Amino acid sequence: MNPLRLIILLLTILPCFLSPAQITERLQQTTVKFSSINLTVKEAIDEMNRLPEISIVYNGNESFLKIDVVLPKYPITVQQALDEIKQQAPVEILFNHNHVIMKARKMAELYSLDGTVKDEATGEALIGATISPEGTGTGTVTDAQGNFILRLKPGNYRLVCRYLGYKDKKQMVNLYQDKVLRIVMETKQHELPPVNVIGTRGEVENLERGRTIEKIEAKTIDRLSTNDVNDALHGRIKGVWTTKVSGAPGDHNRIRIRGISSIFGSTDPLYVVDGMIIPVANFKTLGIADLNTHDINSITVLKDASSTALYGYLGGNGVVLIETKRGGGETKFNLNVKKGFQQFSGRYPLMDAETFLNTLDTSDAIIRTRFYYVNRDQRIYEKYPTFRDSLGNTLGSDDFQEELFCTGDISEVQLSGQGSLKTVDYYLSGNYYHHNGIITNSAYSKYTFTANLSKVFLDKLSVRLLYKGSHQENRNNLDNYMGNNVILKGINFEPAYRTMPDSFKMKGDRLFYNDITGGSIESLSDHLTSPDKLFHVQEKKKIENTHSGNLLFYYPFRESFYLRASYSLAFKGIRYSSFIPARLGMDDEKFLLSDEHFVIFSQQYDLGYEKLISNHSISAFIRYRNYKDNVYWQVDSVLNVELDGMQPEDDIYLRGSQAIYGEHGSVIRAINSAIVNVNYSYQKKYSLSLIANFDHLKEGYYVDRTDWFTSLAIDWDLSKEPWLHMPSWIDAFHIYANWGQAGNYPLNSLSNDLYSTSSEYFAGDSIVNGVYISNLANHYLTHEKVTEQNYGTEIAFLKNRLIISADYFVKYNSDLLIQRSIPLYYGGGVFYQNIGVMKNSGVEVSLEITPVDKPDFTWMTRAGYSSNHQFITKLYKGEPISFNHTDILYPDFYAEENKSLGSITGYSYQGVWDDSIHSDQINGFIKYKNHKGIAYLKTDTLGRRVMNENDKTVIGNSIPDFTCNWINMIRYKNFSCEMLWYAVIGVDKYNATQASTFIAGTNMAVRGIILDSMNYITDKVFYESSFFVEDASFIRLKNLSFTYSQPKKIASRISVEYTLSFENLLTFTRYTGYDPEATIYTSNNFSDNAMDRGSYPNARGFYFNINLSF
Amino acid sequence: MQKYRLIIILLILISCEGLFHDDDNEYLIIDSRQEKIDLLNGIYTRLVKVHDGNYFTALARSDDVNVYINYSFSYTDENGPHDCYHPGGTIDFNEVTGNIYLNLYTAIVSINRLLMVLSESEDPEIAGELYFLRAYCYFKLARLFGTPPLVTDIDVNYFVEKPTYREVYEFIESDMLKAIELLPETYTSARIPGETPNQGTAKALLAEIYLAMAGFPVNDVAKYAEAARLAGEVIEQAEQYNYRLLDDLVDLWKTKHRHNRETIFGLYFNGDDTKNEISNLSISIIVLSITSNYNPEFKFFNTFPNNYRKYNSFVTGNYYCNFFDTLYQPGSLSISTVRSESGLVFVPYDPLVNPCEFVDYAVSLKWLDRGAYNLGEAQWDWWSETGGSGVTLYLLRYAQTLLTYAEAKARSGALDESAYEAVNQIRRRANKLDIFTPSQFDLPPDLTPGQFLDSVVWERAWELCTEPEGRWFDIVRLDLRSKLAGYRYPQDQPTKVSDDLLNEDWYFYLIPQEDRWLNPNFSETINE
């Protein structure tokens, strides 16, 4: 007998002893645990047949045996398993005697799939979500109750459910009978901008693996005390070094992502707002200052060149992606009102009028020479204790430093609404923001309006239309704070001075004089340049108007393809105006106007592909981008301007309005890019991402070039490797590495020759226009190249309660733009050449802990550390580049080969010479005593008893060793608290503000020096010495805020939130100036950070905010 | 419908081109004639800038002519005082020569740029003018700096080779020959008739170039014949080119005669416009005084023949007089007048009779528009904006071409009557006589060539004194240092001529320090 036959016989006979009831009982009692959750029907039956006393009979030729079914991982009863199979495959189950027989079922033509789509968290029905089975070309949309019905042929489907603002949900459905489905969708709030359907999703989401990408969410941004988006980045992201350049209202932060990548080029990152590229150079284009922070949904920072390769010529300094809020969902209105105050208490020790005059007299007696910084005539005041001069004019005695400062205040009103009207989703928002600065007469105001409309056409084509408009006004508070600014004026002006004689008169805000017989011209200028006049008479304004619009399309087709298109257009007009009254600054009445216009246009088309095939996931897109920008400027100067309301008897200087001249220019730049991005991942264990960007750049007359930018990133999740036997408390353990290239192309059109158009020639009996090349450009200029390698790891422990991430990067900035003098035989001037290499390496570590995570109480804390070391490896012929060399009163700043960037070079001050302490020879140096008795460290060994350029050494480093941040977020029931600490450590600064009070002779310290008969304040070597170099490291409690959300009691539909926040509440520093963080603003990129020259300090502030939602 | 609406929106967006300010890059492309003309005018504005006060300071090295630099004008730093005008000094010449050099090269850069986009067949007269101007600029550079870098492009090159003297002149010659070829043949067909160069202008200039080339430092004596030929052509065809001597030389210095037939190449000014008048160049009056940077050189002054030309070239006085009170009024000046009430002493010119130590001032009267301002009536601030002068700045005038002709003729061994006649015309006019009628002031007809040449060279010195193309260039090309060493009064302060510092290079300024730093090919060491 055939043994096989026997077995079959036995198998058929054995169950015969059991009755059907027994079988049912048996089926319900026996449990089965399947080896895998994905099995074919045949495999499942075979596995069940292996169980004792279970026999499932089937015809081996049936087609249903090959159908895949999904079975639970945990043990279930056989009955349940059979039910599952019945649900998922077209089978019928019969009981014949003791057999369980499985056979094919007759199918209906169509089965219906009923379902609802709901929000995962709230359980709200989602209206208008699209549900489409992949590959069928059909689909449906949920109704007002979130329900949908699909009628489909029997078979296996993968349903894709999409809804704006939610993660796509993909679900397998085996449809062999009518079925009810409940789909819950997860919002993307904590992930990526909800604009994803047509925003930058493809880019960021797919790039995330293997790269360092950081995000800030709307919640944080909404709570900023000032309406400045850059503030959100301040201290919150590791590797992003932000300097709050000044506390001036409306002034911007300076953002450097992973250090300074350029010496003369731009160091500002590229901003991309809703997919629109907005390059910023010296805050000079459509910056993000135009944005209203309340409109922003998220900020994403791309730090390494491997991700910024997507932006080619413009990505070298990192990219900040900003997504604004969008409409839809529940109709909601939001009103936010804020009021805040700022106070500044720092002061330099200055002399009062009496001490000042007294000091002059005493010093005269001692040193028997004229103390030349001070006008001698003023000594006369001391002889007139009532402060009247010989002419009988009243003398002033003022504490100008006190007058300089006042209490600043901030007011803000924000109103927004969102929801859906018919099928159009809308978000509308308006904002008014006003900030009076802590320096008298400086102010900033901003009005913004945003509209965001979106609609889905024909179930598939999503269209989104955005408009953003803003109006900004900056008064007495231009970005450029160099030179004759009010702070320096205020603290340097002699505290005893002559006041305005009666022959002067004020008319409105402006000062006129109609009688110049009252004194000499010098004394007039004294009166007019005194700080109180400067505070009130001179007026500078910057007015900016911005309009920008985006139109975005998204269209999915076939199974896994989509098309995306976006068009952006933006305009900005800036007008700088300044009114300088006659004789103020020894000049004629002057009205200066300077206009700049920017136009940016870009269009972008993506063809994308996304597919998940069992363990392989692929996403890719091909992109064409056309970007164009245009800068147009015009400068006008009106001398002797005719002013409104002037009378003919007013001074001649104020009459007439002749001399007007204008200069203008324009530069157009166009970048066309073809980009390919491929991302592949296997089981989410191994990921690989590639970018290839082919850019074509055309600018002005000479530049027409193409370049490649490529990048590669790999990621490996070690925790998913079974052979590594990771402990179970490790949730994820990624290690990754990436490499990429990007560029930094100068925005300032450095490749176009400059023509002077303002000269005139007398030809043929008339004055004619004369034009000549005033400064040649480098016609072969190219972008600065950034090549970056990054190695990192991210480990999550204990159910993500503890996350550690660390990155190490090495960045080479080659072809650095270096300014060089043009030989006079080419007309002189300066231009830029691509020479020099800089190496920038650093470490970034962050630690995120959630010690408590309960419904009523959560505490999250995050600390970050970033350091970077900047090293110049090559310069042209090794020639050092010096900055500020011509300004003899301040130290020099050099970029030198094989040295770190940002060193301050000057004389090493060693104190006043003391024989008991100082000896001549120390460690190969000479301690040199100058004739004023100050000891300096000298390197020159030639024995010459003078200090000269050779004796300068490095006396400070203006780039911080590292920066740290520490964020705490605590929520207890309805209360929450956020605290942000920020520290910049190991940075030196030349306190030029302090130095200026020495030069002016108003500082209390100078008094001591004068009285000690050492008038070395006139010594230029002294000002270039380390005497004024201070350690500007600081630790600051940048932000502390408390929020109380009132439970919905007032009215069921209104929720109220109160916030009290403090800014710069505590600062720990050894720096003696006003603010260790504020710096001057200059055209090069590191001497500005190294100097404090009358910088506008950051104030301490507190703000109260009420937020109403209904 | 929706479809169409979308398409319309798309089209609107894509056609955003009009929003860009494209036209404002006009000068980068230079495609219209007006733009080319604007650039040409720009070159003239640079030439005007070349001839500022510093230019005359630089020429003031021409010791024996009118001034020399006062030694007291020196720069002091911690290493001690330096003679800032001496090439051997550690202080660079930039203060004085830097602007000349830079402005000439700024003009050259614009010329080179324009030549790149210009088609010689389309705009021959503009191309010709450009070649002419470039040759002129390099001619000036060659005579001041010896071997200036030769630049013909606009792509900055830090390593331009240092040329030889001959290469420089050959370059200039080739440019000028191209200019002659391209420029219009008559003055009426020039771009601005009577003002912009025509063929005659280029020929007259080329004659000057050959004259210089025949002398130091190239010493190509064969070029004298060429110079004579070209100058001869200009004189022969003077009618066609519209050149002649003015009857009264004082008319040269009057605004109302700013366009005159004696000008071959000049720069024009609008006396009414504060921005564009010649006094802005600080040359309308050159004040020579012991206390200023310039000292009058008594020997030259006193050997200047007493004639109409001299009265109208200089006025002198002593230090304390308010000499502006007594400035010349036409017809009233007398050499023997002593105006005691104002303290002015005019010094008689015979050095044997009159000691020269009383002379503190020597003031050039050229460019002072005496036709327009009656200076006797009111005290006149010579720096005031109201005293604008529109006198033409002569870079080459017909009188010089006549003298060049005479000299070149004699030096090429072809001394003839026409050469005598050319010099005599100048001499007759200097004495306010009819130019074409023989007179007592004519040169004796039986001079040896040597004597004749001496007379011509001095005639040039007197005729062109204090003008931009003055005596200094003659000193260089004729290598007069040894002759001049003993040519001084004891009263004249010592000059460099007697300081034994003259050498070949001394004739030329070093190119500015910046360029010597930037271009190693020019970084010669300086002998202290």
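For the numbers below, each heavy atom of this structure counts, side chains included, while hydrogens, waters and symmetry mates do not. Labels below follow one simple rule: chain letters A, B, ... track the order of the sequence lines, proteins then strands, and each chain is numbered from 1. Computed from a predicted structure; not experimentally measured.
Using a 4.5 Å cut-off between heavy atoms, A/Ile822 contacts chain B through both its backbone and its side chain.
Top candidate by heavy-atom pairs under 4.5 Å with chain A, chosen from B/Leu39, B/Ile37, B/Thr106, B/Ile192, is B/Leu39. Looking only at heavy-atom pairs under 4.5 Å with chain A, the residue among B/Val109, B/Asp515, B/Asn41 that has the most is B/Asp515. Looking only at heavy-atom pairs under 4.5 Å with chain A, the residue among B/Val160, B/Thr196, B/Ile108, B/Asn112 that has the most is B/Val160. Between chain A and the options B/Ile111, B/Leu104, B/Leu102, the largest number of non-hydrogen pairs under 4.5 Å is found for B/Leu102. Interface remark: of the candidates A/Gly827, A/Ser759, A/Pro823, A/Pro823 forms the most heavy-atom pairs closer than 4.5 Å to chain B. Put simply, of A/Gly549, A/Ser766, A/Ala763, the one with the most heavy-atom pairs under 4.5 Å next to chain B is A/Ala763.
B/His259 places a side-chain heavy atom less than 4.5 Å from the side chain of A/Asp765. Two residues are said to be in side-chain contact when any heavy atoms from C-beta on lie closer than 4.5 Å; B/Ile43 and A/Tyr761 fail this criterion. By the 4.5 Å heavy-atom criterion applied to side chains, B/Asn519 and A/Tyr825 are counted as neighbours. Residues B/Arg113 and A/Asp753 form a side-chain contact, since some pair of their non-hydrogen atoms from C-beta on lies under 4.5 Å apart.
Residues A/Leu824 and B/Tyr101 share a closest heavy-atom pair of CB-CE2, 3.5 Å.
The backbone N or O of A/Ile773 lies less than 3.5 Å from a partner atom in the side chain of B/Ser110, making a donor-acceptor pair.
Within the model, atoms CZ of B/Arg46 and OG of A/Ser774 stand 9.0 Å from one another, a figure rounded to the nearest 0.5 Å.
Heavy-atom proximity under 4.5 angstrom to chain A picks out B/Val151, B/Asp153, B/Ile154, B/Asp155, B/Val156, B/Asn157, B/Tyr158, B/Phe159 from residues 150-159 of chain B.
More than 12 heavy atoms of other residues, nucleotides or ligands lie within 6.0 Å of CZ in B/Phe145, so this atom counts as buried by the packing criterion.
Residues forming a salt bridge (charged side-chain N to carboxylate O under 4.0 Å, His left out) with B/Glu195 (at least two apart in sequence, or on another chain): none.
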